[in-house]
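In what follows, a single structure is set out as structure tokens and then discussed.
Numbering of ligands and ligand atoms starts at 1, following listing order. Numbering of residues begins at 1 and proceeds along the displayed sequence.
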Amino acid sequence: MEYDQNNVFAKILRGDLPCDKVYEDDFALAFRDINPQAPVHVLVIPKGPYVSIDEFSADATADEQAGLMRAIGATARELGLTGGGYRVLANKGRDAHQEVMHLHFHIFAGRPLGPMLEDGALPPGTNYRRS
Ligand code: AMP
């Protein structure tokens, strides 16, 4: 998918839109989600123009990939998320409900986060376990 330079996170990276920044380095920016789903909900984004984990893992340089991974950990440490733990999640595409077409990792923390996927999202009787 072609990268849209006018997506909301591109505007934040250019300084055209404000953000509540919690961490920044040469490779990544982290800021609080505008519609938090947990007491701590922060987004970590690469500075390069990548739509999703698919493009990023295929096209980003090794430095960019290592830099983004380091930034996720650094952001969590900056936020003091050591004791209770946290969840890191990246949505890609329609089935995962990706809304903003610039790769972002969500960091959730500050409450028990429940099962990895909502049971309610599964049709009744669904069982994905391989027999
Ligand atoms: P996703 O569904 O993974 O694409 O998540 C996109 C996230 O971006 C949502 O959690 C939104 O609340 C968040 N978001 C959208 N616009 C902004 C913004 N201007 N500043 C911070 N977070 C935003």
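Heavy atoms only, all atoms of each residue included: Tyr50 and Glu64 are closest at OH-OE1, 2.7 Å.
The single protein non-hydrogen atom nearest to atom 20 (N) of ligand 1 is Ile34 CB, 3.7 Å, given as residue, atom name and distance. Among protein heavy atoms, the minimum distance from atom 19 (N) of ligand 1 is reached at Val8 CG2, 3.7 Å. Atom 2 (O) of ligand 1 has its closest protein heavy atom at His97 O, 2.9 Å.
Atoms of ligand 1 found under 4.0 Å from any heavy atom of His104 (numbered from 1 in listed order, with element): 1 (P), 3 (O), 4 (O), 5 (O), 6 (C). Taking every non-hydrogen atom of Glu99 and a distance limit under 4.0 Å, the qualifying atoms of ligand 1 come out as 1 (P), 2 (O), 4 (O). Near Asn35, with a cut-off below 4.0 Å to any heavy atom, the atoms of ligand 1 are 12 (O). Near Asn91, meaning under 4.0 Å from one of its heavy atoms, ligand 1 places the atoms 1 (P), 2 (O), 3 (O). In the vicinity of Gln98, heavy-atom distances shorter than 4.0 Å reach the ligand 1 atoms 4 (O).
Using a 4.5 Å cut-off on side-chain heavy atoms (C-beta onward), Ile12 and Lys21 make no contact. Residues Leu113 and Arg111 meet the side-chain proximity criterion, which asks for heavy atoms closer than 4.5 Å.
Within 6.0 Å of atom CZ in Arg94, 12 or fewer heavy atoms from other residues, nucleotides or ligands are found, so the atom counts as exposed in its surroundings.
Contact between Met101 and ligand 1 is absent, with no heavy atom of the residue lying under 4.0 Å from the ligand. Using a 4.0 Å cutoff on heavy atoms, Gln37 does not count as a contact of ligand 1. At a 4.0 Å cut-off, at least one heavy atom of Arg32 sits close enough to ligand 1 to count as contact.
Considering only non-hydrogen atoms, atom 11 (C) of ligand 1 lies nearest to Asp33 out of Leu17, Asp33, Asp20, Ile45. Taking all heavy atoms of Phe105, Phe9, Phe31 into account, the minimum distance to atom 8 (O) of ligand 1 is reached by Phe9.
Ring to ring, His104 and His102 are not that close: their centroids are 6.0 angstrom or more apart.
Relative ring orientation between Phe108 and His41 is described as tilted, the plane-to-plane angle lying within the 30° to 60° band.
In the model, Ser52 has a side-chain atom that pairs as donor or acceptor with a side-chain atom of Glu55 under 3.5 Å.
Salt bridge status for Lys47 with Glu24: present, with a side-chain N to carboxylate O gap under 4.0 Å.
Two different hydrophobic clusters hold Val100 and Leu89 under the rule that ILVMFWY side chains link at heavy-atom gaps under 4.5 Å.
By the 3.5 Å distance cut-off applied to N or O atoms, Val100 is counted among the residues near ligand 1.
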